[in-house]
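To keep things clear, I will list the structure first and then write my remarks on it.
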Amino acid sequence: MASQDKTLEFEYTSTLDRTDGKPATQKYTLGYDLVPPEHHEGQTVLDNDKDLPTLLMCHPFNNSRHYWSPQTHDHTLGPFNKVAVDSIGFALSSTDGRQWDFDLAAHAIIQLVDELGVKAVIIGDSMGGGPIGLRVALLDAKRRSKKGATEPKGEILGVVACGTCAEEESADFVEQYLASASAFAKTCLTIPPFRAITDFATDMSMDGYGLSHEPLVLSARLRGAGIISKSLSLTLGVGGEGVDGKFDPKEIGRRMKMNYQILCGRKGLIGELAARPSRLGKRKVLVVHGTEDEAYPFNRNYHTRTVSAIGEENASLHVVQGGPHFVTVTHWPTLDKTIDEWIRGELLGQEVKKA
């Protein structure tokens with residue numbers, strides 16, 4: 001399978017990093033992998049596979065495009081064109097310490113969809129990719145509703161959104177996350193930043209993947225800690241073990257605290273999603289939540305509020321029994337089949353024979 005590492009340079013006008021409050025245009029870089037369709041040995045090639053949209057995958061907070069390795073190698077999703085991005089602010093899409101927000105991250109995805117000229121389904125996992133995916137869908141619907149506007153080159157057909165994708169951060173999590181970021185910044189002053197990142201990544205992986213010793217979960221947790229560690233090393237300006245990196249420990253800590261302030265300060269989307277007629281237009285959303293999500297507990301009903309706001313005409317709910325926070329990786333064999341069937345049946349109107 002020949003994945004292609006690529007970057008997209010684009011411009012964005014906003015008041016980010018502007019002390020005078022006046023909009024300014026800045027340049028940004030979006031890193032991504034492009035994995036072309038591939039039919040595996042023994043896999044049936046369907047006539048309507050040519051109609052399949054591109055899967056554009058947005059990773060969870062602090063991760064990178066490598067989070068999506070199960071999806072890029074899964075035979076079920078082989079017929080799809082797949083694009084895994086480093087979301088703005090992380091890894092190869094780091095802003096080098098400049099301010100960013102989720103609207104900028106969504107704009108970057110729209111720029112990429114237009115650059116590729118594809119019809120896409122966004123798969124956004126948890127507290128990073130989920131909020132970006134929904135913003136992309138709303139942005140695409142808004143620009144296409146403008147009379148007299150030039151027809152965009154790309155289009156969003158739907159979104160697979162996981163966990164707490166539509167809401168602002170809960171007050172108790174704001175307190176927890178900001179405290180964790182501050183503690184990390186202090187730790188960087190006492191031990192080598194690379195070690196601080198490794199410890200932080202290990203803790204986050206345990207929270208995200210859960211503590212189960214089932215083989216699939218265990219391997220995902222171990223691999224996931226490495227992905228988070230490498231992503232944060234690029235994001236925060238740390239080169240690696242034995243390398244001091246480009247910045248001093250104070251700058252590394254500042255960047256971590258900035259990213260968590262951005263996460264905790266993001267605007268909720270429930271009100272916008274609940275507006276009628278739907279601001280999503282014809283775009284549909286598959287909301288996914290695992291029952292063992294400890295980072296955003298299932299019993300807080302994030303999923304039901306999101307589905308209710310979007311409405312039954314546009315939203316479907318898929319509950320993953322035993323699924324942790326990073327459910328798209330721990331339960332990929334069954335979840336990928338659900339996503340494949342949802343796209344073919346719900347979005348494309350194809351006849352689907354469920355296993």
Side-chain angles (χ1 to χ4, degrees), residues 30 32 53-65 67-68 71 77 80-90 93 100-114 116 118-144 152 154-169 262-263 266-270 272-273 278-290 296 302-303 305-307 309-311 314-318 325-329 335-336 338-339 342-343 346-347:
L30 183 71
Y32 66 97
T54 292
L55 301 182
L56 205 156
M57 299 175 286
C58 300
H59 59 74
F61 199 75
N62 283 342
N63 278 263
S64 75
R65 66 192 187 281
Y67 172 87
W68 296 105
Q71 281 69 32
L77 302 181
F80 289 86
N81 188 45
K82 294 171 286 293
V83 178
V85 304
D86 284 341
S87 296
I88 287 295
F90 297 97
S93 302
W100 60 275
D101 61 18
F102 281 84
D103 291 335
L104 166 57
H107 177 83
I109 300 301
I110 284 288
Q111 291 290 309
L112 179 57
V113 170
D114 284 348
L116 298 175
V118 296
K119 294 183 177 181
V121 171
I122 309 295
I123 304 179
D125 201 337
S126 66
M127 59 186 178
I132 293 173
L134 290 176
R135 281 170 168 79
V136 171
L138 289 165
L139 184 58
D140 186 52
K142 182 177 181 179
R143 66 178 186 160
R144 287 179 171 276
E155 183 178 4
I156 306 302
L157 301 183
V159 179
V160 178
C162 302
T164 175
C165 51
E167 301 187 29
E168 64 276 5
E169 201 61 68
I262 292 169
L263 173 69
R266 73 182 186 279
K267 181 185 71 172
L269 300 175
I270 290 293
E272 194 169 356
L273 292 171
S278 175
R279 293 182 183 175
L280 287 170
K282 61 184 179 181
R283 291 150 197 81
K284 297 190 177 183
V285 180
L286 176 64
V287 178
V288 177
H289 204 173
Y296 289 95
Y302 298 105
H303 52 285
R305 289 192 293 276
T306 301
V307 170
I310 295 173
N314 293 72
S316 303
L317 174 64
H318 179 66
H325 189 54
F326 294 153
V327 66
T328 48
V329 172
L335 185 53
D336 286 359
T338 297
I339 292 172
W342 177 74
I343 291 173
E346 192 71 20
L347 300 188

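Scope of the values below: all heavy atoms of this structure, side chains included, with no hydrogens, waters or symmetry mates. Keep in mind that what you see is a predicted model, and the values were worked out from it rather than measured. In this chain, residues are counted from 1 in sequence order.
- Rounded to the nearest 0.5 angstrom, Ile122 CD1 and Leu157 CG are separated by 9.5 Å.
- Every side-chain contact (heavy atoms from CB on, under 4.5 Å) that Gln71 has, sequence neighbours left out, goes to Met57, Trp68, Leu77, Thr328, Trp332, Asp336.
- The residue from Cys162, Ser316, Ser126 that alone fulfils the side chain to side chain contact (heavy atoms under 4.5 Å, CB included) condition with Val288 is Cys162.
- Closest approach of Pro131 to Leu269, counting heavy atoms only: O-CD1, 4.2 Å.
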Residues Leu139, Asp103; criterion side-chain contact (heavy atoms from CB on, under 4.5 Å); working and verdict: CA-CA 9 Å; Leu139 184 58; Asp103 291 335; over 6 Å; no
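- The only option from Phe102, Phe326, Tyr67, Phe90 that meets the ring pair (Phe, Tyr, Trp, His ring centres under 6.0 Å) definition with Phe61 turns out to be Phe90.
- Ring-plane geometry between His289 and Tyr302 is classed as tilted, the angle between the planes lying from 30 to 60 degrees on a 0 to 90 degree scale.
- The distance from the CG atom of Asp86 to the CG atom of Asn63 is 10.0 Å, given to the nearest 0.5 Å.
- For Arg279, the salt bridge (charged side-chain N to carboxylate O under 4.0 Å, His left out) criterion is met by no residue, not counting sequence neighbours.
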Step-by-step side-chain contact (heavy atoms from CB on, under 4.5 Å) determination, Val159 to Val121: CA-CA 5 Å; Val159 179; Val121 171; over 6 Å; no
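- Looking only at distances, a side-chain donor or acceptor of His59 sits under 3.5 Å from a matching main-chain atom of Ser87.
- Using a 4.5 Å cut-off on side-chain heavy atoms (C-beta onward), Leu286 and Ile343 make no contact.
- One distance of note links SG of Cys165 with NE2 of His303; it measures 11.0 Å at 0.5 Å rounding.
- Note: His318 NE2 to Ile339 CD1 = 8.0 Å, rounded to the nearest 0.5 Å.
- When all heavy atoms of Ile310 and Ala315 are compared, the closest pair comes out as CG2-CB, 3.6 Å.
- In this structure, the side chains of Leu138 and Leu280 come closer than 4.5 Å at one or more pairs of heavy atoms.
- A pairwise comparison of heavy atoms in Val285 and Ala161 identifies CG1-CB, 4.3 Å as the closest pair.
- The CG atom of Leu134 sits 11.0 Å away from atom CD of Glu167, with the distance rounded to the nearest 0.5 Å.
- Residues that satisfy the ring-ring contact (aromatic ring centres under 6.0 Å, His included) test with Phe80, not counting sequence neighbours, are absent from this structure.
- In summary, the side chains of Asn81 and Thr54 do present a donor paired with an acceptor at a separation below 3.5 Å, with no hydrogens or angles considered.
- A donor-acceptor pair under 3.5 Å is formed between the side chain of Asn314 and the backbone N or O of Gly281.
- Partners of Asp140 under the salt bridge (charged side-chain N to carboxylate O under 4.0 Å, His left out) rule, at least two apart in sequence or in another chain, are Arg143, Arg144, Arg283.
- Across Ala108 and Ile88, no two heavy atoms sit closer than the pair CB-CG1, 3.6 Å.
- Note that CD of Glu168 and CD1 of Ile270 are 8.0 Å apart. Values are rounded to the nearest 0.5 Å.
- With sequence neighbours excluded, no residue forms a salt bridge (charged side-chain N to carboxylate O under 4.0 Å, His left out) with Lys119.
- Under the 3.5 Å distance criterion, the side-chain polar atoms of Arg135 are left unmatched by any main-chain donor or acceptor of Ile132.
- Residues meeting the salt bridge (charged side-chain N to carboxylate O under 4.0 Å, His left out) test with Lys282, sequence neighbours left out: Glu155.
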